[in-house]
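This report concerns only the one structure given below.
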There are 2 protein chains.
Amino acid sequence: MRPTVHDIAAAAGVSLATVDRVLNQRPGVRHVTREKVETAIRDLGYVRDVAAANLAKGRVYPLTFILPASDNSFMHGLNAEIRAAIARSVAERTDIRIVEVPAFDPQALVRELEMLAAEKPSGVALVATDAPDVRAAVDRLVKDGIPVVTLVSDLTGSLRHHYAGVDNIAAGRTAARLLGRFLGGAKGEIAILAGSMLVRDHRERLEGFAAVMAQEFPALHLLSVLEGRDDPEVAHMLIADALAKNDGIIGIYSLGAGNRGLIRALKEKAVDRALTVIAHELTAHTRAALLDGTIDAILNQDAGHEVRSAIRVLKAKADGLSVIDAQERIRLDIFLKDNLP
Amino acid sequence: MRPTVHDIAAAAGVSLATVDRVLNQRPGVRHVTREKVETAIRDLGYVRDVAAANLAKGRVYPLTFILPASDNSFMHGLNAEIRAAIARSVAERTDIRIVEVPAFDPQALVRELEMLAAEKPSGVALVATDAPDVRAAVDRLVKDGIPVVTLVSDLTGSLRHHYAGVDNIAAGRTAARLLGRFLGGAKGEIAILAGSMLVRDHRERLEGFAAVMAQEFPALHLLSVLEGRDDPEVAHMLIADALAKNDGIIGIYSLGAGNRGLIRALKEKAVDRALTVIAHELTAHTRAALLDGTIDAILNQDAGHEVRSAIRVLKAKADGLSVIDAQERIRLDIFLKDNLP
DNA sequence: CTGTTAGCGCATTCAA
DNA sequence: TTGAATGCGCTAACAG
């Protein structure tokens, strides 16, 4: 039978309350007493029963998710996954709130983070816009003792406890190798469609992509990046235009959202052209395009995994517990038409 | 505040014990009383607090994992992941035991399953050898009310509750498309190295691979399957021999284990040949080979995820709870040298 | 500074 | 067929 607080109390010759005090590092225990209890804990190999503790405390974890108010399938999916987590709240003792802030707007994000500092939730998850002010606001939360997890796009250099998202440099590199290998030594131009160079994840994907292309596929020439602001209309316009003007394009890498527009442009302008296309994020649109051959491969991050992982990590940090690193690693999913979920 | 058993008891005008009886469908309750309680449960929207229930019961979940005693990196990895889960046993209220049985030996597996029927653990996970007797033994366990999960290799047609492993037909198809695209229209022969056609996962991979190859890459001709019994020595011999005898081989698909031997053969016999190679399972050996260019892509199943998933599912089934399907889906990981974990 | 006591939500004797 | 009482492991008043 595993030891309980009673066993420790007996072994240390103190009462339950005192054991509880040292266990939860509360003040009001003489140094020697504390030592005695700590020794007993170590000797008996005590591990606290978190479930019982939570029951006694009636603990719930108020968590806040801050998302950009972007109208694209990926963000809708992320939102849906959080709502699914909300539906499980009772069993998981969470109390989750979703807050939307204008996209690509650091100041709005900062304001929200400052309000949260007052609310003192058990944890905060945010899709970070990469700006110094945001970093400062996040650091402030962390210093106040509130666990913070970045979601989808990281905030390197900040004190955030954890990043729940894919390695975007690796994603870009993978896209490059896939595209290069699929094109098998052909010579030509590659168009690149991004959302915005203001968000870190897109910048990193581009960086990884360009690096591998330059190093391993010199026969392929990268055109300058098209910024579609993750908006299907803008993306459509940009791609249609590029295809019309440039006959040498043989490959496209779409590293942001708004792929609806890309796909429409391809179906209108490129039915008769041999084009190899790699895109990010599995949505209803990209899935259909992969199946009908318009897209050759999709790189994806599992939004459900990201949300569940963020919640697990925030709860663990709130309790000072450790996590299973391998379980929290968000992998880069590669989908061909054969291994779709 | 969410309703508790007390609230139900009050609402139904009965005692806690009676509420508990209907909650756990125990006998000794008049029909009318039962109805009253059930109405109260529904009206108040009661959901049982599983953590509290487990505390009161002092519940632990004795689980048994049955693995083939195969000496390859993948099985070693699987074993290690189970041991990692054992290390977490205290917190997760599990009591996990690993049993090894001779590989590819249905009768040994059946004997073990029959012994388990007597022990009545909370759940059983097994790497299934595909045979009618095994199916019958599994069905027997299920009918006895013991949750059963197949791991890595499934047992279709049996009553097992869940399969924690990848879709191997999809894996084979994906391997074919990757190989075909990487070879970009070249014409030549493809060597296939399997472990044994007696295990379902290998048969399914081959099936998927052959289907896509026949349909989409007619210029590539599949040689007859080499069975390496997941043994590095045998694999080495078979591949070295094939390469020596056949100059037309331009691609290799290794769908089983024992890749150490394959890699050694490639380094000895094929340094001067342009060979595209796809293999299964990420191990220290295949990882190194991917990085140095000997292998072009690795298809993988995350053993850690499989083990954690099997445990979650077995616990849930033992309690009659539902699982999050997306969380329990084991995906096919595709690794290029750029996205290694 | 330390101890006593009463729960958290549920399961389980033992009586009635 | 039903109910009262006790305890699971832990926390948190409230006394001392």
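First the proteins, then the strands, lettered A, B, ... as listed; each starts at 1. The structure displayed is predicted, hence computed values, not measured ones.
With respect to the salt-bridge test (charged N to carboxylate O, under 4.0 angstrom), the residues B/D49 and A/R93 qualify.
First and last contacts of DNA chain C with chain A, using any nucleotide atom under 4.0 Å from a protein heavy atom and ordered 5' to 3', fall at C/dC1 to C/dG9.
When the shell of 6.0 Å around CZ of B/R140 is examined, it contains 12 or fewer heavy atoms from other residues, nucleotides or ligands.
Of the residues listed (B/D7, B/V22, B/V5), the one engaging B/I41 in a side chain to side chain contact (heavy atoms under 4.5 Å, CB included) is B/V22, and it is the only one. None of B/D95, B/D319, B/T94 except one satisfies the side-chain hydrogen bond (donor to acceptor under 3.5 Å, both in side chains) rule with B/Y61; the exception is B/D319. Of the residues listed (A/L151, A/T150, A/L109, A/V101), the one engaging A/V127 in a side chain to side chain contact (heavy atoms under 4.5 Å, CB included) is A/L151, and it is the only one.
At D/dC10, none of the side-chain N or O atoms of A/N54 fall inside 4.0 Å of OP1 or OP2 (strictly under the cut-off).
For the atom pair CG of A/D167 and CD of A/Q301, the computed distance is 11.5 Å after rounding to the nearest 0.5 Å.
If you check every strand for non-hydrogen atoms under 4.0 Å, A/R26 touches sugar and phosphate atoms only.
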Next on the checklist: Please encode protein proximity along nucleotides 2-9 of chain D as a string of B, S and -, counting only heavy-atom distances under 4.0 Å.
Outcome noted: BBB--BBB
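B/T39 and B/D43 share no side-chain donor-acceptor pair at under 3.5 Å.
Judged purely by atom type and a 3.5 angstrom limit, B/N300 uses its side chain to pair as donor or acceptor with the backbone of B/L282.
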